[in-house]
Amino acid sequence: MHLEEKINSAAYAAVETLYGEQMPADRLTVEPTRDNFEGDLTITAFKLARIAQKAPPIIAGELGEYLKEHVAEIAGYNVVKGFLNLTISDRYWLEVFARMRQAGNYGSAPSSGEVRMVEYASPNTNKPLHVGHARNIFLGHSMARILEANGHEVKKVQIINDRGVHICMSMLAWERWGNGETPASSGLKGDKLVGNYYVKFNREYTRQTQLVLEKFEAGNYGRLNEEQTTKAKALQALIRNDEKSAKDKNSAAAALKDLAKTQTDIIGEAQAMLRKWETNDPEVRRLWEMMNRWVYEGFDATYRAMGVDFDTIYYESETYLRGKEEVLKGLEKGVFYQKEDRSVWADLTEDGLDHKLVLRGDGTAVYMTQDIGTAILRFEENPGLMQQIYTVGNEQEYHFKVLFLILEKLGYKMARNNYHLSYGMVELPTGKMKSREGKVADADDLMEEVKEAAASITGTSGVIDEIPEADHEEIFRKIGMGALKYFLLKVDPVKGMMFDPAASVELVGHTGPFIQYSAARIRSILRKYEEKSELKPAENYHGEVNASARELIILLEQFPAIIRESGEKYTPSTLANYAFYVAKQYNRFNNDNHVLHAEIPELGAFRAGLCQLTLEVLTKSLYLLGIEVPERM
RNA sequence: GCCCCCGUAGUUCAAUGGAUAGAAUAGAAGUUUCCUAAACUUUAGAUCCAGGUUCGAUUCCUGGCGGGGGCACCA
């Protein structure tokens, strides 16, 4: 039994004995004492004031006296206002320490027998990966590992958005301006090459849109039908009306621009290409397969560099038809309804949501259609799957709320457990990223930059000279990735974040490399300890535990709870911050507790044991964040 | 217009309703005859505003203000 529980039940008994009253089960809490107060554990007595009919400080004193007598581990106590601070005996902390060391796989929970799925990455195939994807990928990958540590069996998946008009944009541009360029001929990574054509397409698209807008301005509405023309004129009037707010004007301008876009030749050609794709036109399909293959090869290289992988990859081109089937089945069952124009809708007004289109009037799939198909396929393919976790940006919150509800209505009760691991946008100091304009922090470039930063800093330290040249590259990579991953994972996912490239390659302060460095130093100490010492780590020590060692032990004891919390809240950031506190506390301990020059051998052994345990916790924490620890750095 | 999320030191981030709101960085001042100074120590600096609930509110509720996002037969 944990000491907290033991103290808790003793406190209940105390209240009954002292005040003759039973109290509700959740009335008392035993928590770690704040740093700046003396003591290890704290009970708040304010809540007992009514029951005891006394002032909180008096209650705290009486409670403290009782607990000190009845709980052997309590060595003393002090009272500040209504707070009862308990000091726990060194012997107890040494027992805790021994227990942690003996636990196999310390921190992890036993198997839950549950299967969960985490989806992440899920890029479009027409643009290279940027820092926003990096946040997504690191989050999902880390979450998968954290759930595993919580005892679940985890399947890592991604869905690749490989069909639709946006793919045709790159294809069309390549056909028109590519001159047969290939990754081999140009030396470009496949995803970069395809991305270039997406940018080229959009450049032309923007140009043509501008021309259409100019025609609108001149009163020439071209192919617009009567309804559209009326709408366009109304928007133009609104934009010219000086009584309207700037915000209204901007949105009117955006609406007019959208209208103009539909009138460009180039988008018409892209849509024609999509129709050919849907009817399996061999030439279009060949081009599509070739360009997609280039992209996949490029993505795979990026994933390898990131150190992430997947158990299963789904392609929308293979699941969207399944989605259509499911929608039609749902229509038969009465889950959906059909409008006159044959479009199919879900009525979610009973659940406080809106009406939602699930199939177009012409029978083609929308985003929702595909997601329904994919989700159902996954439940079928994975018997026992009890949860699907989608790592997707927070702009999709409404979409997933609707998706989960629809799945439930279709009879997939497990969808109730589904979770949208939503995260805020990554912003650059220079402003928003726009992939259509090619203004992004490219993921491959970033990884290269952090590696170079790691190399230049590490190169100046003396340690690197003792390491064989051949291993340098690998060490720089680990450090660079540690910096980048930690930078993106330490922030609570729900928050939008500022990505400052200069800060992300920083190796000091609240960073991944700081933690890695602490671990590397422990390794170095332990190597030397094992050479020199006759005692095994932690052997035969029963003496005092000084303040910095005690605080370290208390922190390490929280590890299993932190893993649990991180999993329950779906936030690697909790774990990331914890790892930093551990490293920080270790460094304090390290500063005034010598291992190799200890006062007596047993004390050295104790400290070496504490080093070992700290290393274990740090290494595992970083592992759960997807970060590796170099042997030396 | 309706809906969702976020507002904490100069900046980037923390804080199950608890005590004197933590870090990092930038600023000031220190610590290497001793295990990796990518470290450690000291110092200065913040809860958007107004109400409410509570013994106690950064946290919960209401209303403002500021920032982001969503309300498509786009994905």
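Lettering follows sequence order; numbering is per chain, from 1.
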Chemist: Are A:Thr571 and A:Thr574 linked by a side-chain donor-acceptor pair shorter than 3.5 Å?
Modeler: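 Note: A:Thr571 and A:Thr574 side chains meet the donor-acceptor criterion.
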Chemist: Whether A:Arg588 contacts B:rA23 is assessed here as follows: a side-chain N or O lying under 4.0 Å from the phosphate OP1 or OP2. Is that the case?
Modeler: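 No, outside the criterion.
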Chemist: Pairing donors with acceptors under 3.5 angstrom, does anything connect the side chains of A:Glu119 and A:Ser122?
Modeler: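 Yes - a donor-acceptor pair under 3.5 Å links their side chains.
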Chemist: Does A:Arg523 put a side-chain nitrogen or oxygen below 4.0 Å from OP1 or OP2 of B:rC35?
Modeler: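 For B:rC35, neither OP1 nor OP2 has a side-chain N or O of A:Arg523 closer than 4.0 Å.
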Chemist: Can you check the A:Phe514 CZ to B:rA23 C1' distance for me, whole Å?
Modeler: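 It is 10 Å, rounded to the nearest whole Å.
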Chemist: Does the B:rA24 base have a donor-acceptor partner in the side chain of A:Thr511 within less than 3.5 Å?
Modeler: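 There is none.
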Chemist: Looking at residues 557-584 of chain A, who's got a heavy atom less than 4.0 Å off RNA chain B?
Modeler: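 Under 4.0 Å from RNA chain B: A:Phe580, A:Tyr581, A:Lys584.
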Chemist: Within the sub-3.5 Å range, which N or O atoms of nucleotides 27-33 of chain B have a protein N or O partner, and how far apart are they?
Modeler:
none

Chemist: Write out all pairs satisfying side-chain hydrogen bond (donor to acceptor under 3.5 Å, both in side chains) with one or both partners inside residues 593-606 of chain A, taking only residues at least two apart or from two chains.
Modeler: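 Those involving residues 593-606 of chain A are A:Asn546-A:Asn593, A:Ser548-A:Asn593, A:Asn593-A:Arg607, A:Glu599-A:Arg607.
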Chemist: Please enumerate all residues that pass side chain to side chain contact (heavy atoms under 4.5 Å, CB included) together with A:Glu38, with sequence neighbours excluded.
Modeler: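 Once residues adjacent in sequence are excluded, the partners of A:Glu38 under the side chain to side chain contact (heavy atoms under 4.5 Å, CB included) criterion are A:Asn78.
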Chemist: Quick check for you: among B:rG70, B:rA38, B:rA19, whose closest atom lies nearest to any side-chain atom of A:Tyr398?
Modeler: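 So the nucleotide nearest the side chain must be B:rG70.
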Chemist: Using OP1 and OP2 only, check whether a side-chain N or O of A:Asn587 sits under 4.0 Å from B:rA39.
Modeler: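 For B:rA39, neither OP1 nor OP2 has a side-chain N or O of A:Asn587 closer than 4.0 Å.
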Chemist: Is the charged tip of A:Lys339 near the ring of A:Trp345: under 6.0 Å from the six-membered ring centre and within 45° of its axis?
Modeler: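 Yes, a cation-pi geometry.
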Chemist: Ignoring hydrogens and angles, state whether a donor on the side chain of A:Tyr337 or A:His355 is under 3.5 Å from an acceptor on the partner side chain.
Modeler: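 Judged by distance alone, the side chains do pair up.
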Chemist: How would you list, by chain and number, every residue that makes a side chain to side chain contact (heavy atoms under 4.5 Å, CB included) with A:Lys324, sequence neighbours excluded?
Modeler: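 A:Lys324 satisfies side chain to side chain contact (heavy atoms under 4.5 Å, CB included) with A:Tyr320, A:Leu321, A:Leu359, A:Ala365, A:Thr369 only.
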Chemist: Can you measure A:Asp354 atom CG to B:rC71 atom C1' for me and round it to whole angstrom units?
Modeler: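 For the pair A:Asp354 CG and B:rC71 C1', the rounded distance is 8 Å.
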Chemist: Where does B:rU32 land, syn or anti, given syn is within 90° of 0?
Modeler: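 Syn, angle within 90° of zero.
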Chemist: Side chains of A:Thr319 and A:Gln370 only: does a donor on one sit below 3.5 Å from an acceptor on the other?
Modeler: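 There is no such pair between these side chains.
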Chemist: Of A:Lys81 and A:Phe487, whose nearest nucleotide on RNA chain B comes first from the 5' end?
Modeler: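 With A:Lys81 and A:Phe487 compared, the 5'-side residue is A:Phe487.
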Chemist: Quick one: salt bridge (charged side-chain N to carboxylate O under 4.0 Å, His left out) partners of A:Asp351, sequence neighbours excluded?
Modeler: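 A:Asp351: salt bridge (charged side-chain N to carboxylate O under 4.0 Å, His left out) contacts with A:Lys409.
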Chemist: Measure the acute angle between the ring planes of A:Phe559 and A:Tyr578, then classify it against the limits of 30° and 60° as parallel, tilted or perpendicular.
Modeler: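 It falls in the parallel class, under 30°.
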Chemist: Would you kindly give the CE-to-P distance between A:Met368 and B:rG70, to the nearest whole Å?
Modeler: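 For the pair A:Met368 CE and B:rG70 P, the rounded distance is 15 Å.
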Chemist: Pick the C1' atom in B:rA44 and in B:rG10, then give their distance to the nearest Å.
Modeler: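 To the nearest whole Å, 13 Å.
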Chemist: In a check of ring pair (Phe, Tyr, Trp, His ring centres under 6.0 Å) between A:His420 and each of A:Tyr570, A:Phe404, A:Tyr398, A:Phe400, which one passes?
Modeler: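 Among A:Tyr570, A:Phe404, A:Tyr398, A:Phe400, the one meeting ring pair (Phe, Tyr, Trp, His ring centres under 6.0 Å) with A:His420 is A:Phe400.
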Chemist: Any salt bridge (charged side-chain N to carboxylate O under 4.0 Å, His left out) involving residues 518-528 of chain A? Give me the pairs, sequence neighbours left out, ordered by first then second residue.
Modeler: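 Pairs touching residues 518-528 of chain A that pass the test: A:Arg523-A:Glu631, A:Arg527-A:Glu631.
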Chemist: Under a plain distance cut-off of 3.5 Å, with no hydrogens placed, do A:Tyr423 and A:Asn136 share a side-chain donor-acceptor pair?
Modeler: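 On atom types as modelled, these side chains qualify, holding a pair under 3.5 Å.
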Chemist: Among B:rC40, B:rA75, B:rG22, find the nucleotide with the atom closest to the side chain of A:Tyr367.
Modeler: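 The closest nucleotide is B:rA75.
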Chemist: Counting the atoms with a prime plus P, OP1 and OP2 as sugar-phosphate, which does A:Met497 contact under 4.0 Å by heavy atoms, base, sugar-phosphate, or nothing?
Modeler: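 Contact class for A:Met497: sugar-phosphate only.
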Chemist: Between B:rC5 and B:rA9, how far apart are the two C1' atoms, rounded to whole Å?
Modeler: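 Rounded to whole Å, the distance is 24 Å.
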Chemist: Just by distance, with hydrogens left out, do A:Ser317 and A:Asp162 show a side-chain donor and acceptor under 3.5 Å apart?
Modeler: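 Yes - a donor-acceptor pair under 3.5 Å links their side chains.
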Chemist: What interatomic distance, in whole Å, is found between C1' of B:rG27 and the corresponding atom of B:rG67?
Modeler: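 That atom pair is separated by 29 Å.
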Chemist: Do any side-chain nitrogens or oxygens of A:Ser524 fall under 4.0 Å of OP1 or OP2 in B:rU36?
Modeler: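 Answer is yes, contact under 4.0 Å.
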Chemist: In terms of the nearest nucleotide of RNA chain B, which residue is placed more toward the 5' end: A:Ser518 or A:Met498?
Modeler: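 The 5'-side residue here is A:Met498.
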Chemist: Given B:rC13, B:rG69, B:rA38, identify the nucleotide with an atom nearest to the side chain of A:Ile457.
Modeler: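 The closest nucleotide is B:rA38.
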Chemist: Between the protein and nucleotides 52-58 of chain B, which nitrogen or oxygen pairs are less than 3.5 angstrom apart?
Modeler:
unit_1 : atom_1 : unit_2  : atom_2 : d
B:rC55 : OP1    : A:Arg50 : NH2    : 3.3

Chemist: Does the structure show A:Phe83 stacking with B:rG18, if we require the centres to be closer than 5.5 Å and the planes to be within less than 30 degrees of parallel?
Modeler: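 It does not: the two rings, one from A:Phe83 and one from B:rG18, miss the stacking criterion.
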Chemist: What integer number of Å spans the P atoms of B:rC61 and B:rC3?
Modeler: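 Pairwise P distance, B:rC61 against B:rC3, rounds to 16 Å.
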Chemist: Are A:Met481 and A:Ile627 close enough that some pair of their side-chain heavy atoms sits under 4.5 Å apart?
Modeler: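 A:Met481 vs A:Ile627: side chains apart.
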Chemist: Taking side chain as C-beta onward, heavy atoms only, is A:Leu552 less than 4.5 Å from A:Thr614?
Modeler: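 Side-chain contact under 4.5 Å: yes.
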Chemist: For ring pair (Phe, Tyr, Trp, His ring centres under 6.0 Å), just list the numbers for A:Tyr486 and A:Phe580, CA-CA rounded to whole Å, side-chain angles, deciding distance to a tenth of an Å, and then say yes or no.
Modeler: CA-CA 10 Å; A:Tyr486 193 87; A:Phe580 175 70; 7.3 Å; no
Chemist: Does a side-chain N or O of A:Tyr517 approach OP1 or OP2 of B:rA38 to a distance below 4.0 Å, or not?
Modeler: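 Yes, because at least one side-chain N or O of A:Tyr517 sits under 4.0 Å from OP1 or OP2 of B:rA38.
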Chemist: Determine the interatomic distance between C1' on B:rG68 and the same-named atom on B:rG30; round to the nearest Å.
Modeler: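 Roughly 44 Å separates the two C1' atoms.
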Chemist: Establish whether the base of B:rA19 is bridged to the side chain of A:Thr42 by a donor-acceptor pair shorter than 3.5 Å.
Modeler: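 It does, because a donor-acceptor pair links the side chain of A:Thr42 to the base of B:rA19 below 3.5 Å.
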Chemist: Quick check for you: among B:rA38, B:rC35, B:rU36, whose closest atom lies nearest to any side-chain atom of A:Val595?
Modeler: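 Shortest atom-to-atom distance from the side chain points to B:rC35.
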Chemist: Can you list everything that forms a salt bridge (charged side-chain N to carboxylate O under 4.0 Å, His left out) with A:Arg477? Sequence neighbours excluded, please.
Modeler: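 If we apply the salt bridge (charged side-chain N to carboxylate O under 4.0 Å, His left out) test to A:Arg477, skipping adjacent residues, the hits are A:Glu474, A:Glu628.
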Chemist: Under the 5.5 Å and 30° test, is A:His597 stacked on the base of B:rC34?
Modeler: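 Stack criterion not met.
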Chemist: Output all residues satisfying side chain to side chain contact (heavy atoms under 4.5 Å, CB included) with A:Gln271, sequence neighbours left out; order by chain, then residue number.
Modeler: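 Partners of A:Gln271 under the side chain to side chain contact (heavy atoms under 4.5 Å, CB included) test: A:Val165, A:Ile267, A:Arg275.
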Chemist: What's the gap between B:rU47 and B:rA57 when it is taken at their C1' atoms, as a whole Å value?
Modeler: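 Each nucleotide's C1' atom is 11 Å from the other's.
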Chemist: On the nucleotide B:rU36, are OP1 or OP2 found under 4.0 Å from the side-chain N or O atoms that A:Arg527 carries?
Modeler: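 It does not, given that no N or O in the side chain of A:Arg527 lies less than 4.0 Å from OP1 or OP2 of B:rU36.
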Chemist: Say you pick atom P in B:rU58 and the same atom in B:rA21; how far apart are they, in whole Å?
Modeler: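 That atom pair is separated by 10 Å.
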Chemist: Any protein N or O atoms within reach of nucleotides 5-7 of chain B? Criterion: under 3.5 Å, listing atom names and distances.
Modeler:
unit_1 : atom_1 : unit_2   : atom_2 : d
B:rG7  : OP1    : A:Lys495 : NZ     : 3.2

Chemist: Think A:Lys356 has a side-chain N or O under 4.0 angstrom from the OP1 or OP2 of B:rA72?
Modeler: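 For B:rA72, OP1/OP2 do not have a side-chain N/O of A:Lys356 under 4.0 Å.
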Chemist: As a test of your reading of the structure, name each stem of RNA chain B as range with range, where a stem is three or more consecutive Watson-Crick or G-U pairs at under 3.5 Å.
Modeler: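 So far as stems of 3 or more pairs are concerned, RNA chain B shows B:1-7 with B:65-71, B:10-13 with B:22-25, B:27-31 with B:39-43, B:48-52 with B:60-64.
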Chemist: Which value, in whole Å, describes the distance between the P atoms of nucleotides B:rU42 and B:rG63?
Modeler: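 Their P atoms lie roughly 45 Å apart.
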